[in-house]
Amino acid sequence: MAPFSKEFIKQARFAAPLGALLLGGASATQAVSQQSTVPLHNHPTRIFSFETANMNPAGTIELDVGTIQTDPSGGVATGNQLYFGGGSYALNDRFSFGLDIHSYQDPTVDPINGSFPDFITHLGALWGKYQLYDSGRVAIAAQASIENFFTLESQLWGGKSNNVLAGSIKAPITFRASNQLQFHLTPSVSVFPDTVNGAQFYGTIASIGAGVSYKPSERLAFFGSVDTPVSGENTISNTATYESTPVWTVGGRYNVSPKVGLEGYVTNGVGYTPATSILTHWPDGDRVLAGLRLVYTPGANKPDTYRGTPNPVTQHQANLQKDGFTLGSADVLEPGTFHFSAWGGQDSNAGGLLSFSPDRDFEIQLAFEQYSDNTTAPGGIVPTTKPRYMVGPKLRFMDQNNGDPFSLSARMLYGRQIESGVGGIGVFFVDLLGSYKANSRMTLNVSPKVATWGNTELAGLGLGLNYAVTEDLELIGEVTPVGMDNDEPTWAAGVRYNFGNSGFSVDANVSNAIGRFGIGTMIAQDDPRVTIALSKTFGTKGVKF
């Protein structure tokens with residue numbers, strides 16, 4: 001198996017004169033602009049998994065995590081999902097190296113030869129990227145990766161395999177038409193085994209990709225790409241044969257802060273690493289997947305926010321950064337701050353929450369909870385009463401404490417039962433968190449939220465009131481009308497006492513919701529139950545990136 005076949009060399013010949021044309025044009029043209037020292041203000045180094053010749057500034061650490069998935073209504077459960085993430089470091093302005101991982105484990109949404117086979121691909125990739133040339137107008141880079149399928153399994157691939165090696169070579173070329181507009185051309189070779197377990201596999205795939213990126217402002221970017229095989233086959237059809245199909249991606253990025261960007265995509269691809277970027281979703285590559293990627297570029301030399309120097313938080317404002325009983329807070333913990341809470345109540349409900357804010361306007365939440373086992377809750381829509389986790393980011397878009405008319409955040413959580421083999425279907429939960437501080441004592445909260453697990457879909461509109469009787473004592477009331485697969489509203493009411501500026505608080509509430517977090521806040525039981533919670537916030541001088 002030769003990575004560079006005669007067909008590929010023949011197909012790739014056109015790249016040489018095109019590169020010469022671009023270089024010749026660049027020599028007579030002034031450089032478009034200098035790169036910003038804030039990485040997210042530049043054009044993307046990668047469009048989902050499509051490589052460009054752009055590089056991050058020296059010293060940049062870029063971390064990312066995300067998921068793409070098929071339409072949940074198009075198949076069983078919540079559809080097919082690819083989870084991915086990784087990190088990279090720019091050793092200097094011309095060389096970066098990184099690690100990518102991706103994980104996919106689902107039966108197909110559409111049949112292959114009349115059945116719905118499982119595909120499992122858990123892999124990691126080490127890669128390096130070097131910029132060979134940059135005139136300001138034109139840039140050329142080279143990237144190489146070595147990759148390992150820790151698990152590779154499907155009946156179409158002869159069962160299960162471990163530690164299957166793959167790799168790739170890419171030579172992206174970027175033409176900067178203006179500060180706002182760039183065009184990208186990327187010849188690539190992805191090398192996979194010809195067979196695994198005696199069954200056909202992808203072999204060597206050579207491709208040519210084209211992309212475009214447009215940045216109308218520092219905070220906003222749009223991009224798209226198409227990558228087409230010129231030799232080899234990148235798609236498994238519905239008859240289990242291998243075919244060639246273009247891989248396409250369209251998306252955009254919005255910078256929540258100068259360090260945190262949120263990207264949205266639609267694509268037919270099913271690979272995030274450099275080698276698997278040429279693979280389409282099974283079968284045929286005609287299913288559209290949509291998803292999100294969170295990008296974080298820590299660094300003390302970057303601005304924290306687009307709102308200027310933040311005002312110091314008052315003790316009351318710090319208290320309001322804690323979530324309510326069934327509604328989240330639109331405020332975000334101060335940078336470097338940890339928050340831990342634990343609760344327990346009637347009907348076996350118990351849980352814990354760990355939140356951390358690595359930077360302004362960005363919080364990560366990890367919750368463990370066992371929902372109420374009260375039999376009056378509708379069993380058909382309760383995911384499970386076994387312990388489960390939920391994890392995800394909260395991003396703040398508006399901050400009333402620093403000049404905006406109200407505060408607005410979004411939270412995206414994914415959860416699954418911890419105990420394997422029982423009720424392990426994933427749960428997605430998304431809510432918008434809005435708050436308006438009417439005066440120094442009263443805060444009004446509004447929270448649209450949706451959740452889905454299996455074939456169950458719930459939507460709710462949370463409404464809440466927080467009234468500070470004193471700086472330490474808060475009265476909290478919440479109600480959430482619910483629709484779609486449930487129509488019973490949930491509610492909660494209680495008190496919270498904050499022990500001065502110690503970071504400790506205790507609250508007690510009565511509620512008909514089966515849980516305090518995620519989908520449990522939208523499922524009601526007939527019997528009200530009491531819950532007690534203890535919380536601790538670890539200052540505002542913790543670990544800040």
Side-chain angles (χ1 to χ4, degrees), residues 63-67 78 81 83-87 101 103 256 260 262 292-296 298 321-345 349-371 383-396 409-420 423-433 447 449 451-453 503-505 507 513-522 531 533-540 542-545:
L63 306 174
D64 73 300
V65 64
T67 180
T78 51
Q81 298 96 31
Y83 304 105
F84 56 85
I101 57 174
S103 179
V256 180
V260 179
L262 182 64
L292 296 170
R293 183 172 83 113
L294 183 68
V295 184
Y296 177 46
Q321 294 171 357
K322 305 169 187 176
D323 290 335
F325 306 141
T326 59
L327 301 182
S329 170
D331 292 315
V332 171
L333 296 174
E334 289 298 288
T337 300
F338 289 87
H339 174 77
F340 174 76
S341 64
W343 61 88
N349 172 236
L353 169 69
L354 177 62
S355 298
F356 172 60
S357 175
D359 259 303
R360 192 161 298 282
D361 302 325
F362 176 30
E363 185 177 323
I364 301 169
Q365 294 190 332
L366 171 63
F368 297 91
E369 184 167 27
Q370 179 171 304
Y371 291 147
T384 177
T385 56
K386 300 290 186 180
R388 58 186 301 108
Y389 71 87
M390 298 200 80
V391 61
K394 180 166 71 170
L395 306 175
R396 180 168 56 191
S409 297
R411 183 171 57 177
M412 295 152 283
L413 302 172
Y414 172 77
R416 187 178 290 271
Q417 181 169 312
I418 297 171
E419 179 184 346
S420 62
I425 295 176
V427 172
F428 291 99
F429 176 81
V430 178
D431 55 351
L432 287 176
L433 307 167
S447 179
K449 45 188 174 179
T452 177
W453 74 275
F504 281 101
S505 65
D507 57 60
I514 65 170
R516 286 174 64 109
F517 223 74
I519 197 171
T521 66
M522 290 191 287
T531 300
L534 298 173
S535 299
K536 168 63 176 173
T537 300
F538 295 88
T540 58
V543 181
K544 180 184 175 185
F545 296 99

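In this chain, residues are counted from 1 in sequence order.
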Worked check of side chain to side chain contact (heavy atoms under 4.5 Å, CB included) between Phe368 and Leu354: CA-CA 9 Å; Phe368 297 91; Leu354 177 62; over 6 Å; no
Atom pair [atom1] ([X]) and [atom2] ([Y]), whose distance is rounded to the nearest 0.5 Å:
| X | Y | atom1 | atom2 | result |
| --- | --- | --- | --- | --- |
| Leu534 | Ser505 | CG | OG | 8.0 Å |
| Leu353 | Leu366 | CG | CG | 8.0 Å |
| Thr537 | Phe504 | OG1 | CZ | 9.5 Å |
| Phe428 | Thr452 | CZ | OG1 | 8.0 Å |
| Ser341 | Lys322 | OG | NZ | 9.5 Å |
| Phe538 | Leu333 | CZ | CG | 11.5 Å |

[X] side chain near [Y] side chain, heavy-atom distance below 4.5 Å:
| X | Y | value |
| --- | --- | --- |
| Gln365 | Met390 | no |
| Leu327 | Lys449 | yes |
| Asp361 | Val260 | no |
| Lys394 | Met412 | no |
| Asp507 | Phe325 | yes |
| Val256 | Arg396 | no |
| Asp64 | Phe84 | yes |
| Arg388 | Val427 | yes |

Full working for side chain to side chain contact (heavy atoms under 4.5 Å, CB included) between Leu294 and Leu395: CA-CA 10 Å; Leu294 183 68; Leu395 306 175; 3.9 Å; yes
Worked verdict on Glu363 versus Arg411 for side chain to side chain contact (heavy atoms under 4.5 Å, CB included): CA-CA 9 Å; Glu363 185 177 323; Arg411 183 171 57 177; over 6 Å; no
So which heavy atom on [X] is nearest to which on [Y], and how close?
| X | Y | result |
| --- | --- | --- |
| Ala410 | Leu432 | CB-CD2, 3.8 Å |
| Phe362 | Pro393 | CE1-CB, 4.0 Å |
| Val332 | Ser409 | CG2-OG, 4.1 Å |
| Leu433 | Ser447 | CD2-OG, 3.5 Å |

Asp323 (side chain) donor-acceptor with Ser329 (main chain) under 3.5 angstrom: yes
Geometric class of the Tyr414/Tyr83 ring pair [parallel <30°, tilted 30-60°, perpendicular >60°]: tilted
For Glu369, all residues meeting side chain to side chain contact (heavy atoms under 4.5 Å, CB included), sequence neighbours excluded: Trp343, Asn349, Tyr371, Arg516, Phe517
